[in-house]
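Small disclaimer: the values here were computed from a predicted structure and weren't measured. Here is how names work: the chains are called A, B, and so on, in the same order as the sequence lines, proteins then strands, and each is numbered from 1.
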Amino acid sequence: MEITFYIAAIIAVVATVIVITQLNAVHALLYLIISLLAVALIFFILGAPFAAALEVIIYAGAIMVLFVFVVMMLNLGKETIAQENQWLSSRLWIGPGILSFILLIELTYLLIKGGSGLAGAVIVEPKRVGVALFGPYLLAVELAAMLLLAGLVGAYHLGRRVDKKEQ
Amino acid sequence: MVSIPIQHGLFLAIALFLLGLIGVLVRRNLMFMLMSLEIMLNAAGLAFIVAGARWGEAEGQILFIFILTLAAAEAAVGLALILLIYQRFGTLDADRISEMRG
């Protein structure tokens with residue numbers, strides 16, 4: 001049964017690689033949604049069904065849809081794809097690729113040396129998460145609400161139309 | 001359900017995070033940079049969930065909820081800024097935008 005985790009992990013990594021190398025913005029967003037769904041499946045496998053549901057509903061369902069709307073509004077057409085083709089040469093990937101590969105090796109070494117344990121043995125159901133959110137983490141929930149309010153006001157202010165005489 | 005060693009879960013989180021980092025460093029289009037940032041935030045959330053599942057505690061999912069909230073607020077404001085930048089500069093090229101004045 002552990003094979004399901006590894007299959008979902010490979011799908012997530014492959015989809016993410018396609019996202020960062022894609023020329024077309026809408027295609028990249030669709031592959032990003034696939035990567036998010038694979039990660040949600042991993043959450044479910046690890047015994048976190050509430051987080052899996054939230055990932056699908058909020059991340060893949062709201063944030064990515066927001067991205068798709070903005071990409072559609074910007075209406076980046078064929079000339080943008082040609083522009084991206086021009087910007088992305090193969091030698092651009094060498095620098096960040098090598099540095100990230102070194103980081104990966106280093107972190108893998110630390111992981112292998114580090115502590116062990118099995119993840120996913122216990123299913124943490126939503127009731128426990130809810131009890132903890134209303135109990136010890138109440139202040140953090142209020143702060144998150146304030147953050148969302150700030151984001152809402154900021155997005156509204158940035159998105160409103162300015163009259164010509166105000167400029 | 002199934003149990004996997006915590007190293008494998010954290011390795012996946014690291015791999016996804018580094019892929020997002022490469023995306024931010026290489027791409028010039030602002031929209032793709034924002035997408036890569038979302039990949040990085042998602043990878044960090046995955047690390048928290050894996051850690052919470054290892055101890056069987058609810059704190060992993062709680063922190064994931066807060067990361068999700070933060071990602072949502074950041075995506076909303078970032079996309080509004082991208083729309084404004086496109087209206088003003090006519091391009092989403094990160095290099096061109098830094099050279100223009102006023």
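- Among V70(A), I112(A), T21(A), the residue with the largest count of heavy-atom pairs under 4.5 Å with chain B is V70(A).
- With chain A as partner, the option from A51(B), G20(B), P5(B), A43(B) having the largest number of non-hydrogen pairs under 4.5 angstrom is P5(B).
- Y156(A) does not touch chain B: none of its heavy atoms, backbone or side chain, sits under 4.5 Å away.
- Between L133(A) and I62(B), the shortest heavy-atom contact is CD2-CG2, 3.8 Å.
- Annotation for I94(A): hydrophobic cluster partners, listed by chain and number, are I98(A), I102(A) (ILVMFWY side-chain heavy atoms under 4.5 Å, direct or chained).
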List the steps and the verdict of side chain to side chain contact (heavy atoms under 4.5 Å, CB included) for F43(A) and V39(A). CA-CA 6 Å; F43(A) 288 169; V39(A) 169; 3.7 Å; yes
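- In terms of heavy-atom proximity, A94(B) sits nearest to L30(B) at CB-CD2, 4.3 Å.
- Looking only at distances, a side-chain donor or acceptor of Q61(B) sits under 3.5 Å from a matching main-chain atom of V124(A).
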Does the pair E2(A) and I45(A) meet the rule for a side chain to side chain contact (heavy atoms under 4.5 Å, CB included), with working shown? CA-CA 9 Å; E2(A) 282 83 7; I45(A) 292 172; over 6 Å; no
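- No single ILVMFWY cluster, assembled from side-chain heavy atoms under 4.5 Å apart, contains both L29(A) and F69(A).
- If you chain together hydrophobic residues whose side chains sit under 4.5 Å apart, I97(B) and M35(B) fall into the same group.
- Highest contact tally toward chain B, considering only A51(A), A145(A), A150(A), is held by A51(A) [criterion: heavy-atom pairs under 4.5 Å].
- At a 4.5 Å heavy-atom cutoff, the contact between I63(A) and chain B is made by side-chain atoms alone.
- The shortest heavy-atom contact between L16(B) and A12(A) is CD2-O, 4.0 Å.
- For L32(A), the part lying under 4.5 angstrom from a heavy atom of chain B is the side chain only.
- Interface remark: of the candidates G45(B), A15(B), A58(B), G23(B), A58(B) forms the most heavy-atom pairs closer than 4.5 Å to chain A.
- Listed options W55(B), Y86(B), F32(B), F11(B) were ranked by heavy-atom pairs under 4.5 angstrom with chain A; first place goes to F32(B).
- If you measure heavy-atom distances from L34(B) to chain A, the contacts under 4.5 Å come from both the backbone and the side chain.
- Chosen from I14(B), L12(B), I4(B), L68(B), the residue pairing most often with chain A at heavy-atom distances under 4.5 Å is I4(B).
- The hydrophobic clustering, which links ILVMFWY residues whose side-chain heavy atoms are closer than 4.5 Å, places V65(A) and I39(B) apart.
- Looking at E57(B), both its backbone and its side chain come within 4.5 Å of chain A, counting heavy atoms on both sides.
- With a threshold of 4.5 angstrom between heavy atoms, I6(B) approaches chain A through its backbone and through its side chain.
- Only the side chain of S36(B) comes within contact range of chain A, with heavy atoms under 4.5 Å apart.
- Shown here for A71(B) and L41(B), the closest heavy-atom pair between the two residues is CB-CD1, 3.7 Å.
- Ranked by heavy-atom pairs shorter than 4.5 Å toward chain B, the options A144(A), A132(A), G151(A), A48(A) are led by A48(A).
- Looking at L66(A), both its backbone and its side chain come within 4.5 Å of chain B, counting heavy atoms on both sides.
- When L21(B), L19(B), L70(B) are compared by the number of non-hydrogen pairs under 4.5 Å with chain A, L19(B) comes out ahead.
- Put simply, of V77(B), L92(B), V50(B), N29(B), the one with the most heavy-atom pairs under 4.5 Å next to chain A is N29(B).
- Taking chain B as the reference chain and counting heavy-atom pairs below 4.5 Å, the highest number among Y59(A), F50(A), Y6(A), F5(A) is found for Y59(A).
- Contact count against chain B (heavy-atom pairs under 4.5 Å) is highest for L147(A) among L99(A), L147(A), L152(A).
- Remark: the backbone N or O of I65(B) is paired with a side-chain donor or acceptor of T69(B) at under 3.5 angstrom.
- Between L25(B) atom CG and I20(A) atom CD1 the span is 10.0 Å, to the nearest 0.5 Å.
- The number of heavy atoms from other shown groups lying within 6.0 Å of CH2 (W93(A)) is above 12.
- The minimum heavy-atom distance linking A25(A) with V71(A) is given by the pair CB-CG1, 3.9 Å.
- Interface residues of residues 134-143 of chain A toward chain B, defined by a heavy-atom distance below 4.5 Å and sorted by number: Y137(A), A140(A), V141(A).
- Atom CZ of residue F17(B) and atom CG of residue L10(B) lie 13.5 Å apart, to the nearest 0.5 angstrom.
- With a threshold of 4.5 angstrom between heavy atoms, L84(B) approaches chain A through side-chain atoms but not through N, CA, C or O.
- With a 4.5 angstrom heavy-atom cutoff, E74(B) does not touch chain A via any of its atoms.
- Shown here for S100(A) and I22(B), the closest heavy-atom pair between the two residues is OG-CG1, 3.2 Å.
- If you measure heavy-atom distances from V129(A) to chain B, the contacts under 4.5 Å come from both the backbone and the side chain.
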